[in-house]
Novice: 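One structure, pasted below without further comment.
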Amino acid sequence: MNNFEIYKKMGDDVQTIYRSRLLTEILLSLNEGSKKLSQLREITGSTSQALIPKLRKLEADHLIETKGREYFLTPAGKIVASGIADSFVTFWTINKFKHFWLRHYLEEIPSPLLKEIGCLYESEILKNRGMEILNIYNNQLKMIKEADHIYGISSAVTEGYADSISERVKEGIPIELIVPLHVAGELKLSPYVEKLAALKNHENFKLMVMDEDIKVGLIVTDKHLSLSLYKKEGIEYDISTGLFSSDSKAIEWGERLFWYCKGKADFTKFQ
């Protein structure tokens with residue numbers, strides 16, 4: 001049975017929740033923790049007379065239960081409420097940054113990470129504009145300078161990035177970088193080959209080459225996330241716009257993207 005067939009069979013039950021503001025708000029509220037009726041009245045702005053029939057329906061559907069004077073989600077209710085919460089956060093994140101998503105190439109972001117894109121809702125889009133023509137670049141260098149560890153996927157390389165990374169490696173900061181083939185080729189040329197040679201004995205630095213091009217630019221540290229993408233056609237890397245966040249969920253999402261790419265590809269230690 002595919003998703004559409006499931007929807008047709010369960011459509012009424014699903015729509016009942018989404019069509020009812022109170023049912024949705026009750027589930028979302030209880031997803032944050034148990035609540036008394038008085039608390040649900042305050043959160044929803046509704047009366048007890050309006051809330052009680054909705055609570056009884058959710059109890060009849062075995063999505064909530066009462067203990068003492070408090071309402072709790074059942075194990076099944078936690079699954080449903082979490083799914084509803086995730087769907088709203090996902091839609092909000094897509095809508096909040098819709099121009100960023102529409103103008104960039106998303107195909108290189110693995111499907112499991114796209115499904116969790118709601119983790120990026122507490123982010124901001126920065127652009128190079130006016131006199132701030134190096135806004136993205138300067139913010140990324142600041143991230144590198146402040147980091148206690150760094151994971152990165154580099155779709156482009158500059159001397160400024162190379163010098164910043166070299167400096168942090170020599171300070172003992174753990175750094176792991178993944179580069180695609182075209183960047184690996186640049187790193188074999190001057191001045192990058194000399195900079196890499198100076199780092200060869202530093203065990204805290206790991207540089208890996210992926211056997212294909214990665215159309216993603218990622219810097220994720222213990223404090224920040226920076227995500228840059230290729231433009232819509234997937235040909236030109238966009239250095240003028242980037243998504244930045246210091247939110248813990250966004251940082252965890254960035255780490256999962258790094259480890260996913262590292263685990264799914266064949267890597268060789270860069271020599």
Side-chain angles (χ1 to χ4, degrees), residues 108-110 112-113 119 126 128 134-230 236-240 242-271:
E108 287 296 316
I109 299 178
L113 275 299
C119 293
L126 297 183
N128 296 338
L134 297 176
N135 193 25
I136 305 301
Y137 181 72
N138 289 333
N139 272 278
Q140 290 172 337
L141 292 184
K142 186 171 184 283
M143 286 176 55
I144 293 170
K145 184 177 181 180
E146 295 175 349
D148 288 333
H149 70 252
I150 300 169
Y151 302 128
I153 302 173
S154 298
S155 288
V157 62
T158 68
E159 285 195 60
Y161 285 130
D163 289 338
S164 295
I165 292 294
S166 295
E167 181 180 339
R168 299 316 314 275
V169 170
K170 292 171 183 177
E171 291 173 1
I173 298 300
I175 298 177
E176 292 190 35
L177 298 180
I178 301 169
V179 298
L181 287 175
H182 76 273
V183 173
E186 291 184 54
L187 296 180
K188 293 178 180 178
L189 304 175
S190 185
Y192 304 112
V193 68
E194 293 86 1
K195 296 178 187 296
L196 284 173
L199 303 179
K200 65 180 181 179
N201 294 323
H202 290 266
E203 294 184 0
N204 56 310
F205 179 57
K206 189 174 184 181
L207 178 62
M208 296 160 286
V209 179
M210 197 168 183
D211 291 337
E212 59 187 75
D213 280 341
I214 316 170
K215 297 185 183 296
V216 171
L218 175 74
I219 302 174
V220 59
T221 75
D222 52 300
K223 302 177 181 70
H224 303 286
L225 165 78
S226 168
L227 177 68
S228 298
L229 299 170
Y230 274 65
E236 182 183 356
Y237 184 60
D238 187 0
I239 62 172
S240 66
L243 182 144
F244 288 80
S245 184
S246 57
D247 181 67
S248 60
K249 288 184 179 179
I251 291 170
E252 290 169 3
W253 184 92
E255 290 177 344
R256 290 197 295 276
L257 175 57
F258 177 84
W259 292 112
Y260 186 98
C261 290
K262 183 177 177 180
K264 286 291 183 179
D266 293 327
F267 292 92
T268 57
K269 185 78 182 285
F270 189 80
Q271 301 296 329

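Keep in mind the model is a prediction, meaning the values are calculated, not measured.
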Novice: Go through it in stages, so that I can follow the logic: the residues are Tyr230 and Asp238, the test is side-chain contact (heavy atoms from CB on, under 4.5 Å), and I'd like the CA-CA distance, side-chain angles, deciding distance and then a yes or no.
Specialist: CA-CA 5 Å; Tyr230 274 65; Asp238 187 0; over 6 Å; no
Novice: Given side chains that start at C-beta, do those of Val169 and Ser166 come closer than 4.5 Å, heavy atoms only?
Specialist: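 They are not in contact (no side-chain heavy atoms under 4.5 Å apart), so the answer is no.
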Novice: Answer whether the closest heavy-atom distance between the side chains of Ser228 and Gln140 falls below 4.5 Å.
Specialist: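 They are in side-chain contact.
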Novice: Which heavy atom of Ile219 sits nearest to which heavy atom of Ile150, and what is that distance?
Specialist: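 Distance-wise, the nearest heavy atoms are CG2-CG2, 4.3 Å.
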Novice: Using a 4.5 Å cut-off on heavy atoms from C-beta on, say whether the side chain of Glu176 contacts that of Lys262.
Specialist: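 Yes, at least one pair of side-chain atoms sits under 4.5 Å.
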Novice: Do Glu252 and Ser248 pass the side-chain hydrogen bond (donor to acceptor under 3.5 Å, both in side chains) test, and can you show the C-alpha distance, the side-chain angles, and the key distance before you say yes or no?
Specialist: CA-CA 6 Å; Glu252 290 169 3; Ser248 60; 4.9 Å; no
Novice: Can you name the one residue among Asn138, Leu243, Asn135 that meets side-chain contact (heavy atoms from CB on, under 4.5 Å) with Leu126?
Specialist: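 Option passing the side-chain contact (heavy atoms from CB on, under 4.5 Å) with Leu126: Asn135.
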Novice: With side-chain hydrogen bond (donor to acceptor under 3.5 Å, both in side chains) as the criterion, how do Ser245 and Asp247 come out once you've worked through the C-alpha distance, each side chain's angles and the decisive distance to 0.1 Å?
Specialist: CA-CA 6 Å; Ser245 184; Asp247 181 67; 5.1 Å; no
Novice: Would you name the heavy atoms of Ser155 and Val216 that are closest together and state the gap between them?
Specialist: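 Here Ser155 and Val216 meet closest at OG-O, 2.7 Å.
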Novice: For the residue pair Met208 and Val179, establish whether any side-chain heavy-atom pair is separated by less than 4.5 Å.
Specialist: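 Met208 vs Val179: side chains apart.
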Novice: I need the Asp163 CG to Tyr192 OH distance, nearest 0.5 Å.
Specialist: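 Asp163 atom CG to Tyr192 atom OH measures 8.5 Å (nearest 0.5 Å).
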Novice: Evaluate side-chain contact (heavy atoms from CB on, under 4.5 Å) for Lys188 paired with Val193, printing each intermediate quantity in order.
Specialist: CA-CA 5 Å; Lys188 293 178 180 178; Val193 68; 5.5 Å; no
Novice: What's the verdict on side-chain contact (heavy atoms from CB on, under 4.5 Å) for Ile175 and Arg168, showing C-alpha distance, side-chain angles and the deciding distance?
Specialist: CA-CA 8 Å; Ile175 298 177; Arg168 299 316 314 275; 3.9 Å; yes
Novice: Evaluate the criterion side-chain contact (heavy atoms from CB on, under 4.5 Å) for residue pair Tyr151 and Lys206; output intermediate values, then yes/no.
Specialist: CA-CA 10 Å; Tyr151 302 128; Lys206 189 174 184 181; over 6 Å; no
Novice: In this structure, are over 12 heavy atoms from other groups packed under 6.0 Å from Glu203 atom CD?
Specialist: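 For Glu203, atom CD is not crowded (no more than 12 foreign heavy atoms under 6.0 Å).
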Novice: Could you check if a side-chain atom of Leu218 sits within less than 4.5 angstrom of a side-chain atom of Ile178, using non-hydrogen atoms only?
Specialist: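 No; the side chains remain at least 4.5 Å from each other.
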Novice: Report the distance from atom CG of Leu134 to atom OG of Ser240, rounding to the nearest 0.5 Å.
Specialist: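 So the CG of Leu134 and the OG of Ser240 are separated by 12.0 Å.
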Novice: As an exercise, state the distance from OG of Ser154 to OH of Tyr161, rounded to the nearest 0.5 Å.
Specialist: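 Here the interatomic distance stands at 8.5 Å.
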Novice: With side chains defined as the heavy atoms from C-beta onward, is the minimum distance between Ile239 and Tyr137 less than 4.5 Å?
Specialist: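 When only atoms from C-beta onward are counted, Tyr137 and Ile239 do not touch, as no gap falls below 4.5 Å.
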Novice: Nearest 0.5 angstrom please: Ile173 CD1 to Phe205 CZ, how far?
Specialist: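 Going from the CD1 atom of Ile173 to the CZ atom of Phe205 covers 13.5 Å.
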Novice: Does Lys195, at its NZ atom, have more than 12 non-hydrogen atoms belonging to other residues, nucleotides or ligands within less than 6.0 Å?
Specialist: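 Enclosed.
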Novice: Can you tell me how far the OG1 atom of Thr221 sits from the NZ atom of Lys145, to the nearest 0.5 Å?
Specialist: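 Reported value, rounded in 0.5 Å steps: 14.5 Å.
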Novice: Does some side-chain heavy atom of Pro180 sit less than 4.5 Å from a side-chain heavy atom of Lys215?
Specialist: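 No, side chains not in contact.
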Novice: Specify the closest pair of heavy atoms between Leu199 and Lys170, including all atoms of both residues, with the distance to one decimal.
Specialist: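 Heavy-atom minimum between the residues: CD2-CE, 3.9 Å.
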Novice: If I take atom CD1 from residue Ile144 and atom OG from residue Ser164, how far apart are they, to the nearest 0.5 angstrom?
Specialist: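 One gets 5.0 Å once the value is rounded to the nearest 0.5 Å.
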Novice: Quick one: salt bridge (charged side-chain N to carboxylate O under 4.0 Å, His left out) partners of Lys223, sequence neighbours excluded?
Specialist: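 For Lys223, the residues satisfying salt bridge (charged side-chain N to carboxylate O under 4.0 Å, His left out) (neighbours in sequence not counted) are Asp148.
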Novice: Just to verify, which of Val220, Ile214, Leu227 counts as forming a side-chain contact (heavy atoms from CB on, under 4.5 Å) with Ile153?
Specialist: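 So the option named by the test is Ile214.
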